Amino acid sequence: MTETIGMDTTAIQRYEADGRDITRQAVSCQIVDAETRAGAIALATDITRRIKIVEEEFAEDKKRSYDLWKSICDRINRLVEPYKAAKRVVDAEIARDWQVQERLRREAEAKARAEAAEAEKRERERLEKEAAARLEEGKIEEAEAALDESERVFVPVVAAPTEAPKTQRSAGGSVTVVTDI
């Protein structure tokens with residue numbers, strides 16, 4: 001059932017009945033000669049005239065409903081604007097916090113790389129000293145093995161542990177913040 005707020009229901013019923021009648025006439029229309037062709041053209045002209053009549057009849061209702069729709073949309077936009085502004089503020093704070101967390105993560109990663117490089121350097125120095133000691137003792141093969149091993153020393157970078165993504169639930173839904181890229 002169609003909503004007919006402010007529209008003349010008797011006019012609507014009259015146009016619906018007229019539409020069913022004109023549709024029956026159109027379905028039964030067959031052009032076989034000049035006379036039926038002229039009848040079809042007259043029916044098409046009559047249908048176009050009736051369309052204009054219906055559109056004119058409800059043009060004012062259509063304009064009022066369009067104006068009401070625009071008014072409702074404007075009201076909704078005014079009511080929603082404070083929420084959108086608040087969301088922008090919160091989103092900016094989330095972005096700022098993410099940048100801080102990312103900076104801290106990069107600093108921790110740089111520190112871990114520096115520690116790994118230092119550990120690698122100490123291990124190489126230890127192996128080189130061991131090779132020098134073996135060389136002084138006359139153990140050339142053991143000295144060469146220690147030197148070869150010092151060239152292959154690699155201490156992997158142990159990344160600082162990151163927090164797992166945290167989901168925060170509220171009445172309006174949930175948000176998962178990922179703290180790592």
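Just so you know, these numbers come straight off a predicted model, no measurement behind them. All residue numbers refer to positions in the sequence shown, counting from 1.
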* Determine whether more than 12 heavy atoms belonging to other residues, nucleotides or ligands lie under 6.0 Å from atom CD of E93. => yes
* Identify whether the distance between the nearest side-chain nitrogen and carboxylate oxygen of D33 and R37 falls below 4.0 Å. => no
* **Step-by-step side-chain contact (heavy atoms from CB on, under 4.5 Å) determination, K62 to E57** => CA-CA 10 Å; K62 185 177 175 181; E57 170 104 21; over 6 Å; no
* To do: Taking only Lys NZ, Arg NE, NH1 and NH2, and the carboxylate oxygens of Asp or Glu, determine whether E107 and R103 approach each other closer than 4.0 Å.
  => yes
* **Test item: Y83 and K87 side chains (from C-beta on) under 4.5 Å apart, heavy atoms** => no
* Asked: Does L79 reach the side chain of I76, with side-chain heavy atoms less than 4.5 Å apart?
  -> no
* To do: Could you tell me whether the side chain of Q101 reaches within less than 4.5 Å of the side chain of D97, counting heavy atoms only?
  => yes
* Answer yes if the side chains of S71 and D74 hold a donor-acceptor pair under 3.5 Å, and no otherwise. => no
* Check the pair Q99 / E102 against side-chain contact (heavy atoms from CB on, under 4.5 Å), numbers first and verdict last. => CA-CA 5 Å; Q99 289 175 347; E102 180 61 18; 5.5 Å; no
* **Straight-line distance of E118 CD to K121 NZ, nearest 0.5 Å** => 5.5 Å
Quiz: residues 42-54 side-chain donor-acceptor pairs under 3.5 angstrom, not counting sequence neighbours:
from : atom 1 : to  : atom 2 : distance (Å)
T45  : OG1    : I41 : O      : 2.9
D46  : OD1    : R49 : NE     : 3.3
D46  : OD1    : R49 : NH2    : 2.5
D46  : OD2    : R50 : NE     : 2.9
D46  : OD2    : R50 : NH2    : 3.0
T48  : OG1    : A44 : O      : 3.0
R50  : NH1    : D18 : OD1    : 2.6
R50  : NH1    : D18 : OD2    : 3.0

* Check the surroundings of atom CD in Q30: do more than 12 heavy atoms from other residues, nucleotides or ligands lie under 6.0 Å from it? => no
* Step-by-step side-chain contact (heavy atoms from CB on, under 4.5 Å) determination, R64 to D61 -> CA-CA 5 Å; R64 277 196 317 267; D61 291 335; 2.2 Å; yes
* Hey, what do you get for CH2 (W98) to CZ (R105), rounding to the nearest 0.5 Å? -> 8.0 Å
* According to a 4.5 Å side-chain heavy-atom criterion applied to Ile, Leu, Val, Met, Phe, Trp and Tyr, with indirect links allowed, do V80 and I72 form part of one hydrophobic cluster? -> yes
* **Evaluation steps, salt bridge (charged side-chain N to carboxylate O under 4.0 Å, His left out), between E125 and R122** => CA-CA 5 Å; E125 288 173 355; R122 282 192 309 267; over 6 Å; no
* Do R106 and E109 pass the salt bridge (charged side-chain N to carboxylate O under 4.0 Å, His left out) test, and can you show the C-alpha distance, the side-chain angles, and the key distance before you say yes or no? -> CA-CA 5 Å; R106 281 193 306 264; E109 186 177 299; over 6 Å; no
* Asked: Could you go step by step and tell me if K84 and E81 meet the salt bridge (charged side-chain N to carboxylate O under 4.0 Å, His left out) rule?
  -> CA-CA 5 Å; K84 288 181 177 180; E81 184 52 39; 5.3 Å; no
